[in-house]
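Here is the structure we will look at.
Atoms considered below: every heavy atom in the structure, side chains included; atoms not considered: hydrogens, waters and symmetry mates. Numbering of ligands and ligand atoms starts at 1, following listing order.
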Amino acid sequence: MKLRVINIDTVEAATEAFKELKVSPQGIDIMSPKAIHRLIKIAGVDSRAANIIKQEMLSRGGDAAAPWELYKLDERKVDIILMGTLRQFDELCQKLALQPFGLPRLAEGINKALYNYAKSLPTIEVGRFKLDLSARTHVMGVLNITPDSFSDGGRYFGHTTAVDQARQMVLDGADIIDIGGESARPGAEPVTSEEEINRVVPVIKELAGELDVPISIDTYKPEVARRALDAGASIINDISGLRDDKMIELAVERCTPVVIMHMQGTPKDMQLKPSYVDVVAEVADWLDGQAEKAATAGLPRDKILIDPGIGFGKNLEHNLELMRRLSEFRSLGYPVVLGTSRKSFIGTVLDLPVEERIEGTLATIIYGVTQGVSIIRVHDVKEAMRASRMTDAIMGRGHR
Ligand code: PT1
C-alpha cells in the first residue's frame, strides 16, 4: 500500500481527481462539493438565528463555534464561525431560506461569499483595452511625477525622464502605468490640485497616444482625476477609497474603472496611531461599503477593484496580518490590487533601507499571487513580472 495526504482545494480539482479514479458522473456530482471544506465567520448574528444555524450545521456533520451564552436565547448579537463542506453549506442555505430571524438573508450572504471566494477572475474593460485577469497576474508600474522622484527636479528633464521610464516599464512587461503627482508616503504633505495637474497631465497626454497599455491616475482629488481622464487616463486609483462623493460622480459619469483603496487617516497623519480590533474585518467591511456606495450611485460592479492599502494607517502587525489573510478579500467579489513595493514594513522586517527591498517586495508579490491577488503595483516591473509569471505557472495559470 502507498498512501499520502493530497492537496485539493477547488471543486474543479476534486472533479479531476475523481474522474481519474473512474468515479461515476453522479458520484462526482455528489462527492466533489464534499471535498472542499470552508470556514465562514459571521459577525453580529441574532443569537436565536445562531442557535438554529448551530443545530442545522451539527445535523449535517458540520459545526458552528459560538459564545457559550448562546443558550440564553435573547436578542443579543453574537459572532459565529461556521465550519463545513460546500455540500453542507449548500444544504444549510436551502433550509435557512424558509426560516425566521433574518436567516434567508444570511443564507444569501453565505452563498454569495462562497461563490465569490471561488469564482474565476473576470476580464475587465479599461478604455480601449481589455485586461483578462484570469489569464495571469497583471503588473501595474509606478510612475511618480513628484520633484523628489527626479534628481534635478526640473520640469522638462522630469518630463522626458518620466516618459522614458514609462516606456521602459511597458517593455519590461507592465500591463498598466499608474501615474501620480502627489506623494502618498507616510508624512507626505498634500499639494494643490493645480500643481498636481501641472505635473501629471502633460505626461499622460504624451503617453496615452503611444502606449499600448492603459494609464491609471493615482489621485484622491476629483478635479485631478477629471483632467487626467480628459488627457487619456482610463482608470482612477483612489487611495482615499472614494471618500469624496464627487469622485464617485465622476467615475459614474465616465463609467471609469476605480481602485478603491483603504486608508485610516490621511498620508500626513496615518502612521501616528493606527488602531484596529480586527484589521482584516474592518478593512474588508469598509471596502465593501464604499463599493456598495459606488454601485448604488450607478457604477457597474465590474468597474470596481479593491485594495487593502498596505502601509496606509497600519503598523507592522497590521500589514503582516493583512498580507497573511489576503485571500479573505476575495469573498467580496471584486478583483484585488496589492501595493507593497519597497514599503517600510519590508524595511522593518529585514532591517534594510528602501533601495534594498526588492527581494522582500518579491516575497510579498509571490505570496499575494498565491492568495488570489489580481494586480500588483510595483516600481521594479521586470522583476515583479518574472516572479508573478512563475507563480502563475505553478498555480496552473497562463503559460499554456
Ligand atoms: C497602494 C499604493 C497606491 N501605494 C494603490 N495605490 C502608494 N492602489 C501609492 C511605506 O510604508 O498600495 N495601492 N498609491 C504608495 N504609498 C506608500 C505607503 C508608500 C506606505 C510607502 C509606504 O514606506
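Taking each heavy atom of L103 and A49 in turn, the nearest pair found is CD2-CB, 3.7 Å.
Residues I110 and L92 form a side-chain contact, since some pair of their non-hydrogen atoms from C-beta on lies under 4.5 Å apart.
Within 4.0 Å of ligand 1, contacts by protein heavy atoms are made from A184, P186, D218, N237, I239, V259, M261, D307, G311, F312, G339, K343, S344, R377.
Between H318 and Y276, the ring-plane angle classifies as perpendicular under the 30° and 60° cut-offs.
Note on residues 284-298: pairs passing side chain to side chain donor-acceptor pair (under 3.5 Å), not counting sequence neighbours, are D245-K293, E292-R301.
Counting Ile, Leu, Val, Met, Phe, Trp and Tyr side chains that sit under 4.5 Å apart, directly or through other members, V259 shares a hydrophobic cluster with L121, I124, V126, L131, L133, M140, I176, I235, L305, V337, I375.
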List, one per line, each side-chain donor-acceptor pair under 3.5 Å for residues 78-85, sequence neighbours excluded.
residue	atom	partner	partner atom	Å
D79	OD1	G44	N	3.0
T85	OG1	R87	N	3.4
T85	OG1	Q88	N	3.1

